[in-house]
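First comes the structure, then the notes that go with it.
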Amino acid sequence: MGGKIAVSDYLINRLAELGITDIFGLPGDYNFNILDSVVKNPSVNWINCTNELNAAYAADGYARIKGYGAVITTFGVGELSAINGIAGAYSENVPVMKIAGVPKTASVKENALLHHNFSNPDYHAFERIYSNVTTAAAFLTEENAKNEIDRVFEAFIKLKKPVYIALPMDICGLLIDDDIPKIEIKSNPDNLKTASNRIIELLNSSKNPLIITDYLMKRYRLQKELNDFVNKFNIQITSMIMGKGLIDEDNKNYIGVNHGKIGDEEFRTVYDDADLVMCMGTLFSDLNTLGFIVKPDNRFKINVQTNYTTVEGTVYEDVWINDLMTSILNSDKIQPKPFHREVFKGYKALETSDKPIVTDNIFPLVQDFLKENDTIVVETGIISFSSSKMKLKTSSNYISQTMWGSIGWATPAAFGAAMADRSKRVILLTGEGSHQLTVQELANMVKYDIKPVVIVLNNSGYTIERLLSNNPDDPFNDITKWNYAKVPEVFCDNFEYFKITTSNELYEALSGINTAKNRKFTYIEIITDKMDIPKILVKAGDCIKENAKNK
């Protein structure tokens, strides 16, 4: 410390300091200097993706597992290709740093007519665009490089949202101080104490408190603290769909994902009997609540968010979620609750048959297939709702993109998640319509010796859209037919493919995979009817459709 370092080296060092060991993206002539800093840094690996959108999705999946992610593209064309992935990360508080290599400073000042720009050049257009989908954006210059990098990193670490840095070619080699400032996330001590005490009072005065947890607890990596809290004080807990996987699902306090009034009877009994609801990092969006089936009521008295907490209508600013969690976890004033209940079971065992398979047959069998230490990546649409009812095994990861809901996200996100934790088996659950958008990233799974289990639900088009459409047979919900048996052949030689039409076939395939001595790249195509709608969506469909109407 106390020496000098090149700007691009400093930038990559800071990413490595956050535990980012893999950086995704594509090369382009304006980012070569940045990539030189990546490849010469022994702490990080450069991952060439098949396109910039996939790179952003992969960085998103990586960050959901490891805490932070990064993607590097070239100026203009590469930036706009990646922006949907960054917007999704912004929507769901996934901290991904987007770095763009841009032309040298002299060209920017001269407004030179260079490729990847408009015919009327605007070198700051993409910075302005990204400022709408990031929590901090910077265009580095000789004068501001060090301060701007440090400012952006502070926002990145504190707010757990994407950030953007535009780095001109000539600024990469500029020498700056190599000292890394300490970043502290500190709450207002008076507000923290008051909010904590009020929460403790409410918990103690309630008979049947219930915690509803969600995605922000994942982003701040508070899974252990949350499990410790409900165990210590014996408080029952549910999660929203976006928060699935936060709680060990063998925990006796866990009652399943919050499906509100369409949940199972056991869930509804606990949910309805609660006299106090404590929300922890929750988001009451349409799909996260199955069409606003889940709505806050007068029992919802505590709301813990990123940097503020509301207790009985009073807002306590500058109370950070991690500090509040530590404060109440360490309290010796909370009285444990005396309830007892059976452990959450998820789907009931399915009796298989040779009848044509339906979606509701799939997920009980996939649930039985799951093992400890799996990473399950779930595409948006029909699959995300049905899979939320599955019971996960211990030490599992479960990620989905419920708020942004960009079809195609899951396939490259599964690649990113696999790179973030190579110790876990990766199971990708996707629909054929979504899969077609980003299937190329299977190539990188093969390149990096990842052996996923890819489960593709083939229901002849966009069935979730058919549910929402006025006419389910509208031609725009049809998609091009593929021969999915040939898909894995494009990417590898050593694979196994299953075409599934019955629950018996799916049971046999999954059983064989779990008992095989050597894992292979596995591709499972499941054929269902184009209007096969799972029960959970039949129940929630009217609410979702009503909210989707063009009024």
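For the numbers below, each heavy atom of this structure counts, side chains included, while hydrogens, waters and symmetry mates do not.
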So, the side chain of [X] versus the backbone of [Y]: is there a donor-acceptor pair under 3.5 Å, distance only?
| X | Y | answer |
| --- | --- | --- |
| Asp178 | Gly3 | yes |
| Arg219 | Gly67 | no |
| Ser187 | Trp320 | yes |
| Glu441 | Thr411 | no |
| Thr430 | Glu379 | no |
| Ser388 | Phe385 | yes |
| Asn31 | Ile34 | no |
| Lys146 | Asp179 | yes |
| Asn117 | Asp122 | yes |
| Asn227 | Gln223 | yes |

What heavy-atom pair brings [X] and [Y] nearest, and what distance separates the two atoms?
| X | Y | result |
| --- | --- | --- |
| Leu283 | Met403 | CD2-SD, 3.8 Å |
| Val378 | Ser387 | CG1-OG, 3.3 Å |
| Ala195 | Val311 | O-CG2, 4.3 Å |
| Leu174 | Ala145 | CD2-CB, 4.4 Å |
| Leu437 | Gly433 | CD1-O, 3.2 Å |
| Pro27 | Trp46 | N-CZ2, 4.2 Å |

Ignoring hydrogens and geometry beyond distance, is a side-chain donor-acceptor pair present between [X] and [Y] at under 3.5 Å?
| X | Y | result |
| --- | --- | --- |
| Asn288 | Thr402 | no |
| Lys193 | Ser327 | no |
| Thr282 | Asp214 | no |

From the list Val71, Asn45, Ile47, Ile12, side chain to side chain contact (heavy atoms under 4.5 Å, CB included) partner of Ile23 resolves to Ile12

Rounded to the nearest 0.5 Å, how far does [atom2] of [Y] lie from [atom1] of [X]?
| X | Y | atom1 | atom2 | result |
| --- | --- | --- | --- | --- |
| Ile241 | Asn258 | CD1 | CG | 8.5 Å |
| Ser406 | Leu53 | OG | CG | 6.5 Å |
| Asn51 | Ser81 | CG | OG | 7.0 Å |
| Thr375 | Asp421 | OG1 | CG | 6.0 Å |
| Leu287 | Met242 | CG | CE | 10.0 Å |
| Lys301 | Cys279 | NZ | SG | 13.0 Å |

Requested in this report: Would you sort out whether Asn330 and Glu225 count as a side-chain contact (heavy atoms from CB on, under 4.5 Å), showing the intermediate values?
Outcome: CA-CA 10 Å; Asn330 292 337; Glu225 290 81 356; over 6 Å; no

Are any of the side-chain heavy atoms of [X] and [Y] separated by less than 4.5 Å?
| X | Y | answer |
| --- | --- | --- |
| Ile237 | Leu226 | yes |
| Leu140 | Val7 | yes |
| Leu26 | Thr74 | no |
| Met278 | Val304 | yes |
| Asp150 | Arg14 | yes |
| Phe300 | Ile212 | yes |
| Leu11 | Met97 | yes |
| Asp248 | Tyr254 | no |

N/O donor-acceptor pairs under 3.5 Å from side chains in residues 312-319, not counting sequence neighbours:
unit_1	atom_1	unit_2	atom_2	d
Glu312	OE1	Arg198	NH2	2.8
Tyr316	OH	Arg198	NH1	3.0

How about [X]: does its [atom1] atom have over 12 heavy atoms from other parts shown lying under 6.0 Å from it?
| X | atom1 | result |
| --- | --- | --- |
| Lys333 | NZ | no |
| Asn120 | CG | no |
| Glu17 | CD | yes |

*For Lys218 and Arg64, run side-chain contact (heavy atoms from CB on, under 4.5 Å): C-alpha distance rounded to whole Å, both residues' side-chain angles, the deciding distance at 0.1 Å, then the answer.*
CA-CA 8 Å; Lys218 286 188 177 184; Arg64 289 172 192 252; over 6 Å; no

Do the side chains of [X] and [Y] get close enough for a salt bridge, i.e. N-O under 4.0 angstrom?
| X | Y | value |
| --- | --- | --- |
| Lys424 | Asp374 | no |
| Lys40 | Asp36 | no |
| Arg422 | Asp449 | no |
| Glu249 | Lys244 | yes |

Practice prompt. Show your reasoning for whether side-chain contact (heavy atoms from CB on, under 4.5 Å) applies to Leu442 and Val487.
Written response: CA-CA 9 Å; Leu442 293 180; Val487 168; 4.2 Å; yes

Criterion ring-ring contact (aromatic ring centres under 6.0 Å, His included) against Tyr123, the qualifying member of Phe139, Phe75, Phe118: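 Considering Phe139, Phe75, Phe118, a ring-ring contact (aromatic ring centres under 6.0 Å, His included) with Tyr123 is found only for Phe75.
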
Applied to residues 3-24, the ring-ring contact (aromatic ring centres under 6.0 Å, His included) test, sequence neighbours excluded, yields Phe24-Tyr62, Phe24-Phe415

Please lay out, stage by stage, how Asp9 and Asn41 fare under the test side-chain contact (heavy atoms from CB on, under 4.5 Å).
CA-CA 8 Å; Asp9 291 340; Asn41 190 310; over 6 Å; no

Only residue of Thr438, Thr380, Asp60 satisfying side-chain hydrogen bond (donor to acceptor under 3.5 Å, both in side chains) with Trp409 is Asp60

Verdict with reasoning, Tyr523 to His435, per ring-ring contact (aromatic ring centres under 6.0 Å, His included): CA-CA 12 Å; Tyr523 200 87; His435 195 44; 5.8 Å; yes

Cut-off 3.5 Å, no hydrogens considered: what does the side-chain donor-acceptor table look like for residues 152-167, sequence neighbours left out?
unit_1	atom_1	unit_2	atom_2	d
Glu154	OE2	Lys158	NZ	3.0
Lys160	NZ	Tyr68	OH	2.8
Lys160	NZ	Ile157	O	2.6
Tyr164	OH	Glu79	OE1	2.6

Quick one, Phe229 with Phe233, criterion ring-ring contact (aromatic ring centres under 6.0 Å, His included). Give me CA distance, side-chain angles, the key distance, then yes/no. CA-CA 6 Å; Phe229 179 73; Phe233 304 117; 5.1 Å; yes

